[in-house]
Amino acid sequence: MANYLSRRDAARELMAQVGDQLIICGLGSPVSDVAREQERDRNFYLVGAMGSAVPLGLGLALAQPERSVVVVTGDAELMMNLGILATIGVKQPRNLSILVFDNERFGETGQQVSHTAYGIDIAGVAIACRFPAAAVIRQQQELAPALARTHTNEGPYLAQIKVDPERVPILIPIKDGVITKARFRQALLGRY
Ligand SMILES: Cc1ncc(C[n+]2csc(CCOP(=O)(O)OP(=O)(O)O)c2C)c(N)n1
């Protein structure tokens with residue numbers, strides 16, 4: 001049957017090689033995954049606004065074409081706004097990557113089974129939307145090349161990383177959107 005990676009390991013590997021990438025985290029577990037490994041000013045945490053992580057990443061990638069932008073989000077968060085993949089296909093931002101931590105669940109709200117548990121293929125949708133590359137990641141050894149690809153600016157790129165449906169303790173370092181925005185903006189532009 002299917003292989004699943006540990007989301008903890010995936011987040012650890014991501015943040016070990018992050019450099020100065022701008023990381024946008026979709027609400028719920030992905031915020032916790034990233035923040036637990038490395039809380040930093042160049043992380044932007046969404047607390048609500050389900051479906052807005054990838055649009056936010058797209059806007060940022062277009063506004064900052066010299067920076068590498070990585071959206072880390074859940075399968076259900078992305079499914080809420082699947083149409084954004086078509087807009088990305090139109091705009092073709094080379095500096096945008098999307099890492100979907102796909103646990104096949106609506107984790108934060110009680111582990112309800114989500115679309116991807118039934119085989120809905122987000123990476124396939126990305127390819128159909130003219131992403132130059134997208135992949136489903138099931139093996140540990142596939143992870144490092146996928147993460148390396150987020151640094152090459154040959155995107156848009158999407159990796160649908162199949163992770164264990166383990167429950168993660170929720171850690172949200174900043175819940176105030178004004179503070180999150182000001183901190184991120186200062187790290188990026190040097191001013192509020
Ligand atoms: C518009 C909207 N609908 C529903 C919710 C409730 N909600 C919060 S997190 C979540 C599930 C997130 O699942 P996923 O993105 O797959 O992340 P996971 O925690 O499973 O990694 C839901 C349904 C919400 N915050 N906003």
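In each ligand, atom 1 is the first atom listed, and ligand 1 is the first ligand listed. None of the values given here were measured: they were computed from a predicted structure.
- Listed by atom number, the atoms of ligand 1 under 4.0 Å from Arg7 heavy atoms are 21 (O).
- A donor-acceptor distance shorter than 3.5 angstrom exists from the side chain of Gln92 to the backbone of Gly89, with no hydrogens or angles considered.
- Below 4.0 Å from some heavy atom of Leu27 lie the following atoms of ligand 1, by number and element: 8 (C), 9 (S), 25 (N).
- Using 4.0 Å as the threshold, Ser29 has a heavy atom nearer than that to some atom of ligand 1.
- A heavy-atom distance below 4.5 Å is found between the side chains of Gln64 and Leu189.
- Classification of the Phe106-His115 ring pair by plane angle, with boundaries at 30° and 60°, yields tilted.
- Some N or O of Arg105 is nearer than 3.5 Å to an N or O of ligand 1, by distance alone.
- In this structure, of Ala49, Ala53, Gly74, the residue bringing a heavy atom nearest to atom 17 (O) of ligand 1 is Gly74.
- When hydrogens are left out, the protein atom nearest atom 9 (S) of ligand 1 is Glu108 OE1, 3.3 Å; that is the closest non-hydrogen contact.
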Q: Output, in order, the C-alpha distance, side-chain angles, deciding distance and verdict of side-chain contact (heavy atoms from CB on, under 4.5 Å) for Leu5 and Glu142.
A: CA-CA 10 Å; Leu5 305 187; Glu142 296 170 324; over 6 Å; no
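- Under a 4.5 Å side-chain heavy-atom cut-off, the cluster of Ile, Leu, Val, Met, Phe, Trp and Tyr residues that includes Tyr118 is completed by Val113.
- The ligand atoms of ligand 1 that sit less than 4.0 angstrom from a heavy atom of Glu77 are 14 (P), 15 (O).
- Contacts between Asp75 and ligand 1 below 4.0 angstrom, taking non-hydrogen atoms only, involve backbone and side chain alike.
- Tyr157 meets the side chain to side chain donor-acceptor pair (under 3.5 Å) test with no other residue; sequence neighbours excluded.
- Listed by number with element, the atoms of ligand 1 under 4.0 angstrom from any heavy atom of Thr109 are 6 (C), 7 (N), 8 (C), 10 (C), 22 (C), 23 (C).
- A donor-acceptor pair under 3.5 Å is absent between the side-chain atoms of Asp164 and the main chain of Arg7, judged by distance alone.
- Around atom 26 (N) of ligand 1, the closest heavy atom drawn from Met80, Met50, Glu104 belongs to Met50.
- Any N or O atom pair closer than 3.5 Å counts here, and Phe101 shares no such pair with ligand 1.
- Polar contact check, Gly107 against ligand 1: a nitrogen or oxygen pair lies under 3.5 Å apart.
- Closest non-hydrogen pair, Tyr4 versus Glu104, comes out as OH-OE1, 3.1 Å.
- Less than 4.0 angstrom separates some heavy atom of Ala76 from each of these atoms of ligand 1: 13 (O), 14 (P), 15 (O), 16 (O).
- Within the 3.5 Å criterion, the main-chain N or O of Ile23 finds no donor-acceptor partner in the side chain of Asn43.
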